[in-house]
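Just so it is clear, the values below take in all heavy atoms, side chains as well, and ignore hydrogens, waters and symmetry mates.
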Amino acid sequence: MGDNVINGNGTNGTNGINGTNGTNNAAAEYDAGSIQVLEGLEAVRKRPGMYIGDTAGRGLHHLVYEVVDNAVDEAIGGFCDEITVTIHADESVSVRDNGRGIPTDPHPYNGRPTCEVVLTVLHAGGKFGGGAYKVSGGLHGVGVSVVNALSEWFEIAIARDGVERAQKFERGTPVTDLSPPSPAEWHGTYLHYMPDAEIFEEVKHSFDVLKSRLRELAFLNPGLRIFIEDKRTGEKKEYCFEGGIKAFVEYLDRGKTPIFPNPIVLSGARDDVAVDIGIQYNDTYMERVLSFANLIHTIEGGTHVSGFRTAMTRAVNEVARGGKLLKEKDDNLSGDDLKEGLTCVLSVKLGDPQFEGQTKTKLGNSEVRGIVDSFVYEGLLAWFEDNPEAIKPVVEKALRARQAREAAKKARELVRKGAMTGMGLPGKLADCSSRSPENTELYIVEGDSAGGSAKQGRDRSFQAILALRGKILNVEKARLDKMLGNNEIRTIIQALGCGIGSEFDSQKLRYHKIIIMTDADVDGAHISTLLLTFFYRHMPELISSGYLYLAQPPLYRVQRGKQSRYCYTEKELRSYVDGAGEAKVGVQRYKGLGEMNPGQLWETTMDPQNRVLKRIDIDDYVLADEYFDVLMGDKVEPRREFITSYAHEVKNLDV
């Protein structure tokens with residue numbers, strides 16, 4: 001039967017929207033002639049991952065972003081100032097804007113209504129020729145047509161020139177013609193679709209994921225009002241930020257202590273590329289850089305981020321030298337020295353962005369690197385000249401970070417040597433006999449008791465066991481040198497063999513399944529969270545490559561006569577017990593893995609034929625970053641607010 005794998009917490013979906021220099025190009029024609037057709041709509045349903053990334057939560061939410069793309073394009077052009085997103089009770093989604101409305105007149109490509117062409121022909125859109133949209137994120141023109149193709153049903157209503165027309169589709173195919181015009185008292189486009197359950201693993205939208213992305217868009221488009229409503233729960237949110245990038249940086253740094261009062265904000269354009277950047281330093285050890293190209297969140301960065309980093313390093317060194325904060329004999333500060341405590345939001349807008357793939361996670365335009373470099377470098381020099389008091393705390397923080405980094409380098413060398421020689425592994429790591437990473441897995445467990453059961457119950461040919469002693473360090477509150485001084489963390493790094501941070505090398509990873517297996521109680525949840533924080537901050541590639549999992553041990557063993565059954569949730573237990581009628585049942589609650597004998601642990605939690613694994617996946621990196629910061633950071637109040645907000649969602653409460 002094989003593993004039953006379900007997705008874990010977290011969410012991505014950062015694709016995006018589009019942007020312009022903010023010009024209201026009212027003279028630009030937006031009619032049938034604006035829409036260019038490049039090719040048909042074949043193969044989207046056959047290979048959806050090529051267009052939306054995957055068919056799990058990430059791809060599901062990507063559909064929403066593709067629809068919102070078009071509405072934001074209208075807003076950027078100055079034709080729309082309100083967007084409403086609704087998750088309906090049946091998990092369908094609708095998006096309404098008050099823009100111009102998609103053209104409905106016959107298209108010269110095939111004589112069909114232009115809106116139908118946009119929805120049924122791949123690469124049909126108003127964003128190729130530069131007429132209707134000067135700057136856009138949806139340049140491939142596949143957005144709404146892909147959403148239509150991957151929906152069980154899709155409805156569109158368009159109000160344009162005082163009349164409304166509508167059309168319906170099923171799995172990408174029109175099932176009605178465009179309706180005759182009727183008088184309309186609104187203007188814009190309304191799209192309503194149901195993701196196809198034949199395509200997606202689960203049709204269940206995350207309100208948190210969607211509101212996180214929509215909040216980003218509101219920050220990046222000052223004055224744009226975005227509403228989101230969840231009809232399943234009745235929850236509503238409204239976002240509108242006049243402060244733009246500055247407000248975004250302040251939001252990201254809420255709950256932290258800035259080292260100078262106001263964020264650095266630089267805005268302008270050079271060589272037809274608009275650049276907006278906000279920079280602040282806080283008292284933490286983590287870096288947070290969010291980059292956008294045409295309002296699309298470029299998770300993997302790209303040339304705009306490279307240009308920013310080069311400019312930041314050059315400018316700070318030049319100002320520090322001029323102010324005698326660096327002595328002549330001192331080496332220049334490096335880009336790594338300047339990362340600690342940095343919060344940055346970088347947004348560029350350009351006419352012909354080159355992204356990697358349809359999901360657009362990295363910007364590739366080579367010319368943007370130099371444009372951002374020169375713009376940010378000159379802007380920072382001018383800003384520090386006007387705010388001379390700000391450079392000293394930046395340099396002092398960078399120098400402390402350098403000292404810690406040099407200490408961490410020595411500690412890393414010890415870890416690396418240990419990984420090469422096996423030093424410290426015997427007694428903690430019970431390795432497997434196979435040396436083929438793609439066929440092996442490592443269970444990380446806590447305590448000697450659970451470790452003993454796991455070692456005895458495992459299949460030694462492909463399952464390795466690493467037993468930790470106690471809780472690992474909370475890396476959210478620790479510099480790298482302190483982290484690498486922690487025995488348990490060093491042991492994990494040695495066992496995996498792939499390094500951390502910038503030195504991470506997936507080719508050296510010794511196991512392609514890393515499974516966190518902890519007790520089903522509060523302490524076990526805490527240990528899981530500490531481990532997830534470590535992997536997210538220092539080995540994020542494990543998550544993005546799909547190598548990190550949570551084991552799902554049973555909560556109960558129910559005995560009914562000679563029959564026994566394991567239950568993994570309270571709901572499953574109640575259902576089974578209620579179905580027993582008058583029969584006498586005995587219920588054993590497992591609070592620790594050590595309470596199971598090796599055979600039971602194998603049968604329930606380690607046997608690939610029976611076990612359930614929860615794969616950890618990040619569908620929204622901004623949201624994930626925020627959660628780790630709140631849950632594992634220094635500030636108590638944000639954590640209290642989080643717990644209060646989400647307490648009602650707790651499924652298994654250990655009391």
Side-chain angles (χ1 to χ4, degrees), residues 6-14 17 56-72 75 80-98 147 151-157 159 185-186 188-197 200-219 221 224-241 247 251 254 569-571 574 619-620 622-624 626-627 630-631 637-653:
I6 58 178
N7 287 327
N9 297 328
T11 11
N12 165 358
T14 26
I17 311 309
R58 180 177 306 175
L60 181 71
H61 293 94
H62 189 97
L63 296 188
V64 184
Y65 309 143
E66 288 286 7
V67 177
V68 174
D69 277 359
N70 294 331
V72 177
C80 158
D81 59 11
E82 284 190 4
I83 298 170
T84 300
V85 178
T86 305
I87 309 171
H88 295 271
D90 61 356
E91 293 291 345
S92 64
V93 173
S94 64
V95 178
R96 179 189 295 272
D97 68 64
N98 62 350
V147 177
S151 296
E152 179 184 341
W153 51 261
F154 188 108
E155 301 174 343
I156 185 170
E185 296 182 357
W186 64 288
T189 303
Y190 174 81
L191 302 174
H192 188 189
Y193 69 92
M194 171 63 80
D196 194 343
F200 294 95
E201 297 171 15
E202 182 182 28
V203 179
K204 186 174 182 181
H205 295 90
S206 167
F207 185 71
D208 281 351
V209 170
L210 293 180
K211 73 180 184 183
S212 174
R213 175 57 182 155
L214 297 178
R215 183 174 56 218
E216 284 178 14
L217 293 173
F219 276 125
N221 293 277
L224 173 61
R225 194 170 301 278
I226 302 180
F227 301 89
I228 179 169
E229 179 177 5
D230 189 343
K231 294 280 192 180
R232 302 167 303 180
T233 64
E235 189 172 357
K236 301 178 182 179
K237 288 289 181 182
E238 175 184 340
Y239 299 113
C240 185
F241 304 102
Y251 172 81
R254 72 198 188 286
T569 65
E570 298 281 352
K571 182 179 179 181
R574 288 195 300 270
D619 288 336
D620 187 323
V622 176
L623 188 62
E626 186 175 323
Y627 282 172
V630 168
L631 292 173
E637 189 55 37
R639 186 155 48 249
R640 182 183 294 116
E641 291 176 6
F642 180 91
I643 293 171
T644 301
S645 299
Y646 292 97
H648 66 282
E649 296 185 18
V650 172
K651 294 179 180 177
N652 298 306
L653 183 62

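- Of all non-hydrogen atoms in A56 and F200, the two that sit nearest each other are O-CD2, 4.3 Å.
- Between the OG atom in S94 and the CD atom in E229 there is a gap of 9.0 Å [rounded to 0.5 Å].
- Side chains of V85 and L214 form a contact here, defined as non-hydrogen atoms less than 4.5 Å apart.
- For E202 against L60, the heavy-atom pair with the smallest separation is O-CD2, 3.8 Å.
- Here the CG atom belonging to D208 is positioned 9.0 Å from the CZ atom belonging to R215, to the nearest 0.5 angstrom.
- Interatomic distance, CG of D230 versus CG of L210, reported as 9.0 Å (0.5 Å rounding).
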Problem set entry | side-chain contact (heavy atoms from CB on, under 4.5 Å) evaluation trace for N98 with C80 | CA-CA 5 Å; N98 62 350; C80 158; 3.3 Å; yes

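- E238 meets the side chain to side chain contact (heavy atoms under 4.5 Å, CB included) test with R225, F227; sequence neighbours excluded.
- Going from atom OG of S92 over to atom CZ of F154 covers 12.0 Å, rounded to the nearest 0.5 Å.
- For A218, the side chain to side chain contact (heavy atoms under 4.5 Å, CB included) test picks out I226, Y239, F241, with sequence neighbours left out.
- For the side-chain hydrogen bond (donor to acceptor under 3.5 Å, both in side chains) test, residues two or more places apart in sequence or in another chain that qualify with E91 are H205, R232.
- The line from CD of E235 to CZ of F207 is 4.0 Å long, rounded to the nearest 0.5 Å.
- Taking all atoms of both residues into account, the shortest heavy-atom contact from V203 to P195 is CG2-O, 3.9 Å.
- Relative ring orientation between H192 and H88 is described as tilted, the plane-to-plane angle lying within the 30° to 60° band.
- When all heavy atoms of L63 and V147 are compared, the closest pair comes out as O-CG2, 3.6 Å.
- Note that the OG atom of S212 and the CG atom of L217 stand 10.0 Å from one another [nearest 0.5 Å].
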